[in-house]
Amino acid sequence: MMKQHSIISKLQLILPLLIIFICAFGFLFAPNDPDLVDMTIKFLPPCAEYPLGTDNLGRCVLSRLLYGGQTTLGIVLVGSVTVSGLGTLAGLLMGGGKHGKNVVLEGVLNAVTAIPPIAYLIIFIAAWGNSVFTMLVAVGASLILKMIKLVQTRTEIEQSKAYVNSVD
């Protein structure tokens, strides 16, 4: 039983690292040019030259997946760093004040976090069009608000504890 637990825990570490590696360096392993259009081979089933077949324009599906991983990884990294940094800073500022709560800011934060993330995406796409930047802003906006609320709440909880109050 202990041996199986050890194997599963190793897989839980190795698999995400493998996915990140493939996303970052997958373009090096791409068998074909992902943008080469060849209408004579459209919808080709998997074969030696095209391991996942071709799409409706005759492009290699595997190559397109491997090249697309870089974009996805970039969006995730930029979004995560932005949401973590700005959300933590804003949450600390909102929750760390010695002088009473800011009822207006907290009310706006509660109202805006009630909107589902897909609604942000729809609103931003309608306003700015469909692009990677628009998706990054929409997802980031919905997640940053949740991060602010989380950090604000945790800050207020910690500020009420004895070890914080004994310093004053």
Side-chain angles (χ1 to χ4, degrees), residues 1-92 94 108-154:
M1 186 67 175
M2 190 63 154
K3 186 76 169 170
Q4 183 181 6
H5 179 68
S6 176
I7 293 171
I8 291 173
S9 62
K10 287 178 184 174
L11 281 175
Q12 288 174 341
L13 177 66
I14 292 171
L15 194 58
L17 292 176
L18 180 65
I19 291 171
I20 290 171
F21 177 79
I22 290 171
C23 286
F25 301 108
F27 67 96
L28 297 173
F29 307 110
N32 300 299
D33 181 8
D35 297 323
L36 180 66
V37 175
D38 186 359
M39 295 298 285
T40 61
I41 58 169
K42 65 181 185 177
F43 299 120
L44 193 69
C47 62
E49 189 177 355
Y50 301 102
L52 294 180
T54 60
D55 64 3
N56 61 335
L57 296 175
R59 300 173 297 191
C60 178
V61 174
L62 178 61
S63 297
R64 292 185 63 77
L65 284 172
L66 293 173
Y67 271 83
Q70 280 185 312
T71 305
T72 303
L73 187 62
I75 290 170
V76 167
L77 290 176
V78 168
S80 298
V81 168
T82 303
V83 165
S84 298
L86 294 178
T88 301
L89 180 64
L92 284 171
M94 283 183 67
V108 169
L109 186 63
N110 286 336
V112 175
T113 53
I115 300 171
I118 192 74
Y120 286 106
L121 190 59
I122 292 169
I123 291 167
F124 289 157
I125 286 175
W128 296 333
N130 189 10
S131 70
V132 171
F133 177 75
T134 304
M135 291 176 16
L136 186 61
V137 169
V139 172
S142 67
L143 293 176
I144 199 166
L145 295 170
K146 291 178 182 176
M147 178 65 92
I148 291 170
K149 188 67 180 161
L150 174 72
V151 172
Q152 176 195 13
T153 303
R154 293 301 307 172

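If you read the sequence from its start, that first residue is 1, and numbering goes on from there. Computed from a predicted model, the values in this text were never measured in an experiment.
Of all heavy-atom pairs between Ala141 and Ile144, the closest is O-CG2, 3.3 Å. Closest heavy-atom contact between Pro51 and Leu62: CG-CD2, 3.7 Å. In terms of heavy-atom proximity, Thr88 sits nearest to Val151 at O-CG1, 3.6 Å. Here the closest non-hydrogen pair linking Val83 and Met147 is O-CG, 3.8 Å.
The backbone N or O of Arg59 sits nowhere less than 3.5 Å from a side-chain atom of Thr54 that would complete a donor-acceptor pair. A donor-acceptor contact shorter than 3.5 Å is absent between the side chain of Thr134 and the backbone of Asn130.
A distance of 10.0 Å separates SG in Cys60 from CG in Leu44, rounded to the nearest 0.5 Å. With rounding to the nearest 0.5 Å, the separation of CZ in Phe27 from CZ in Phe29 is 9.0 Å. For the atom pair CG (Asn110) and CG (Leu145), the distance works out to 10.5 Å, reported to the nearest 0.5 Å. Atoms CG and CG, on Leu143 and Leu150 in that order, are 12.0 Å from each other to the nearest 0.5 Å. Interatomic distance, CD1 of Ile7 versus CD1 of Ile14, reported as 10.5 Å (0.5 Å rounding). The line from CD1 of Ile123 to CD1 of Ile118 is 11.0 Å long, rounded to the nearest 0.5 Å.
Counting only residues at least two apart or on different chains, no side-chain hydrogen bond (donor to acceptor under 3.5 Å, both in side chains) pair has a member in residues 70-85.
Ring pair Trp128/Phe124 is parallel by interplanar angle, where below 30° counts as parallel and above 60° as perpendicular.
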Worked check of side chain to side chain contact (heavy atoms under 4.5 Å, CB included) between Met39 and Leu57: CA-CA 5 Å; Met39 295 298 285; Leu57 296 175; 3.8 Å; yes

When the side chains of residues 30-37 are checked against the rest of the protein, which donor-acceptor pairs come out under 3.5 Å, sequence neighbours left out?
residue : atom : partner : partner atom : Å
Asn32   : ND2  : Glu49   : O            : 3.0
Asp33   : OD1  : Asp35   : N            : 3.2

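Considering only heavy atoms from C-beta on, Asn56 comes within 4.5 Å of Phe43 through its side chain.
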